[in-house]
Every structure is written in C-alpha cells, then in structure tokens.
Trainee: 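This is the structure I want to talk about, given as structure tokens.
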2 protein chains.
Amino acid sequence: MSGATPGDAPATHGVPATIEQVAAMLRARGERMTGPRRAVLKVLAERDEHLSAEAVLSRVAAHDPGVHRASVYRTLEALSELGVVQHVHVTHGGTAYHLVRDERRHLHAQCRSCGAVYDLPADLLDDVEADLAHRHGFHLEAGHVALSGRCRSCFEQLSS
Amino acid sequence: MSGATPGDAPATHGVPATIEQVAAMLRARGERMTGPRRAVLKVLAERDEHLSAEAVLSRVAAHDPGVHRASVYRTLEALSELGVVQHVHVTHGGTAYHLVRDERRHLHAQCRSCGAVYDLPADLLDDVEADLAHRHGFHLEAGHVALSGRCRSCFEQLSS
DNA sequence: CTGCTTGCAAAGTGTTTGCAGGCCC
DNA sequence: GGGCCTGCAAACACTTTGCAAGCAG
C-alpha cells in the first residue's frame, strides 16, 4: 500500500486525478516529481482554463518566486509527453496548456479579432477526421490547433 | 485606357492576374506600387507554394539584395489586406503566404512530425462551418490556420 | 551517490516599430 | 512636392539551450 489518498487507483497510466498519481507515472519512466512540477500541476488543476506558459509562470511565481521560467517550459513539455497535459497552438500568443480530463475532451476555436478561445464539442470533426484518414492518409489531431474565425460579437462588429 | 497588357480587365477588385492590376487596386486605395512590392508579387507568382516571409525575403534578395526584411513583412501585410495574398498560420515556423487564386481555393493541413503542409479540398469543412455559425455563432474561417495531424509516412513511422 | 532537474543567462526565431530620408503619382 | 514607403536598427514576444549545482530516489 502506498500513501495515496483513500479511493485513489494506482494509475501509472490513464488520466490521473492526484499529484501522487502523476508522481507515480513519472517514476515509472525514470523521471521525478519535484517542487516546480508540483507547482505547475497545482496551477493547472486550480482553473479549467487555457493558460499560456507565461500565465502559468506568473501564477506559480505568486506562491513560489524561486521557480524559473525555463523550468515551467520544461515541466509543461514533460507533462505533455506523459499525456497529463495537453497543449493547443493558438495564433495570438503562442501555446495554451491545460490538464487532460476524460470528461472534458474538447476542441478549440479562437477569434481572429479578439483572441478569445472557445471550447467546442469533441466530436465536431469526427467525420472530417475519418474522411481525411481514408482519402488522404492524413491522421488529423483536431485538438492540437485552434480553429480560427470570428466570434459572434466581433463578427457583428465587422458588419456594422 | 490604361497601359495594361491586351486582354486584361481593369480589375480594381476581385482576383487580379497581373502586377498592373494589383497596382490599380493599390492606387484605388491611395497606396502605391513600388519596387519591393513588385518583387514580392513576382516571387509569389513564380511558385504555387506556401512560402514563409523569410523564404520570400531570400528569393527577393536573390535578384534585389537591397530589399529589406521589414519591407517584405510590410508588403505581405499590405497585400493581405488588399485580398491579393492569403496567409496561413502553421505551427512549425510562423506564417505561410500565397497568392489568392479563385481556381485554387483550398484548406491546409500540416504534419506535426515533419512540418510539411498539404492542400485540402476547399469544401472539406463547409458542413462544420454552417454548424458552428448556427449553433455557436462562431464564424469559421477554415483556411486561416492549418489543421494539424500526421501525414501518412510519419504516422506509419510512429507505429513501427 | 547517480543522474534527472533546476536556476541562470544567453542565444534564437519570427516579427514589429520609430525614425529620417526616398520615391511614387 | 505631399505623403506613402523604404532601409536601418533596435526592440519585441515567446521559447530553447549549455552549464554547473541541487535534490529526488
């Protein structure tokens, strides 16, 4: 028995619910759980938002100013490779990160005008994905970049 | 009568076929046709490729080393606003540019692994576009960012 | 103690901007 | 010859990297 909170599954794979589960996943690959990594996970878990690396940094820094920018970038990359974090490329300011949650799988759309990022149903592009795979051999990963366009209010503003 | 090549339409709007037509479109807005702009248009017309700003610069520089990087960026932006050039955001190295051609309207997909950009049928996302507009008020501009995924060969390489 | 991770600082990439002079129309 | 455009250089935002020390397991 480990020191995991009662009710936790061992979870050395799949979508983890606690920091200790992520720690186990890291150790299973010969990697380690550290202060900065814990801090980044906490920030991502606190809010269900799409945070830029810089936004993660400043929230981490609020509680622990010692954590360096480079460590945040390296942590986000490590957690992405683990499959615990997903990153989405957006056009405005780089890359957005969030925890992977089974219940919350979704796609992204970004407004070209105001930069806001919206969540879309996960299955929106399923048909297109199948079509691309069969007809072109291209394996779409639809969640990896935000679709671009105009949100309702920006669109109306353009017409007026 | 302007000095346009015989057979040219006046074209102060729509998709132009010659540099003089673009010049007319610029003048109609109080802007000007210049050496650097001509050079950029020539480079884009020579190849039906997706060129990065830096690639445009180096091809322009091959014939006219005096043209500055900043002018290429400003020209590409000016021509985009005119509607003569389209830009597509790709994840690897920034932004890709190409001339707008009615016959060649298309979407883009980029391989996450090798970075190659593929053209896709223009109507691929028409249904999704209509759906998003009606149900979410989001007006998709599907050609503005490249869809992401893995091309056939990179996908097969991952599985092996 | 082994070696994965960190903090630091510097470099890197792609792009933008302020300014004085130059050239289009 | 008015003012849009240019070349120049510096700044910009975001991200990556080499290195020696630090800490997890």
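Here is the naming used below: chain letters follow the sequence lines, and residue numbers restart at 1 for every chain.
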Trainee: Can any side-chain N or O of B/H136 pair as donor or acceptor with the backbone N or O of B/L132 at less than 3.5 Å?
Mentor: no
Trainee: Tell me the interatomic distance from A/L26, atom CG, to D/dC23, atom C1', rounded to whole angstroms.
Mentor: 15 Å
Trainee: Which nucleotide sits closest to the side chain of A/H68: C/dC25, C/dT16, C/dC8?
Mentor: C/dC8
Trainee: Got a donor-acceptor contact below 3.5 angstrom from the A/Q110 side chain to the A/G115 backbone?
Mentor: yes
Trainee: What nucleotide, of D/dC5, C/dC8, C/dT15, holds the atom closest to the side chain of B/E31?
Mentor: D/dC5
Trainee: Assuming nearest nucleotide by heavy-atom distance, tell me which of B/A23 and B/Y97 is located more 5' along DNA chain C.
Mentor: B/Y97
Trainee: What do you reckon, are the aromatic ring centroids of B/H87 and B/H144 less than 6.0 Å apart?
Mentor: yes
Trainee: Closest approach to the side chain of A/R32, judged atom by atom: which nucleotide of C/dT6, D/dC23, C/dC24 is it?
Mentor: D/dC23
Trainee: When you look at CD of A/Q157, are more than 12 heavy atoms from neighbouring residues, nucleotides or ligands closer to it than 6.0 Å?
Mentor: no
Trainee: How many Å lie between OH on A/Y73 and C1' on C/dA11, as a whole number?
Mentor: 15 Å
Trainee: Which of the following nucleotides, D/dT15, C/dT5, C/dC24, is nearest to the side chain of B/T34?
Mentor: C/dC24
Trainee: Find the distance A/R74:CZ to D/dT16:C1' and express it as a whole number of Å.
Mentor: 9 Å
Trainee: Nearest-nucleotide wise, let me know which of B/R37 and B/A70 is further upstream toward the 5' end of DNA chain D.
Mentor: B/R37
Trainee: Round to a whole Å and report the spacing from CZ of B/R38 to C1' of D/dT6.
Mentor: 15 Å
Trainee: Could you check whether A/A78 gets within reach of a base, just the sugar-phosphate, or nothing at all, counting any heavy atom under 4.0 Å?
Mentor: nothing
Trainee: How many whole angstroms separate atom CD of B/E54 from atom C1' of C/dG12?
Mentor: 12 Å
Trainee: With a non-hydrogen cut-off below 4.0 angstrom, is B/T95 in contact with a base, only sugar-phosphate, or nothing?
Mentor: sugar-phosphate
Trainee: Please work out if B/R69 contacts a base, only the sugar-phosphate, or nothing of the nucleic acid, heavy-atom cut-off 4.0 Å.
Mentor: base
Trainee: If I take atom CG in residue B/L57 and atom P in nucleotide D/dT6, what distance separates them, rounded to the nearest angstrom?
Mentor: 13 Å
Trainee: Check every strand shown and say whether A/R27 touches a base, only sugar-phosphate, or nothing at a heavy-atom separation below 4.0 Å.
Mentor: sugar-phosphate
Trainee: Nearest whole Å is fine: how far is D/dC12 P from A/H92 NE2?
Mentor: 19 Å
Trainee: Atom CE of A/M33 to atom P of C/dT6: distance rounded to whole Å?
Mentor: 10 Å
Trainee: Looking at the side chain of A/S71, which of D/dC4, C/dG7, D/dC8 is the nearest nucleotide?
Mentor: C/dG7
Trainee: Do the two ring centres, one from B/H108 and one from B/H89, sit under 6.0 Å apart?
Mentor: no
Trainee: Assign B/G35 to base, sugar-phosphate, or nothing according to its heavy-atom contacts below 4.0 angstrom with the strands shown.
Mentor: nothing
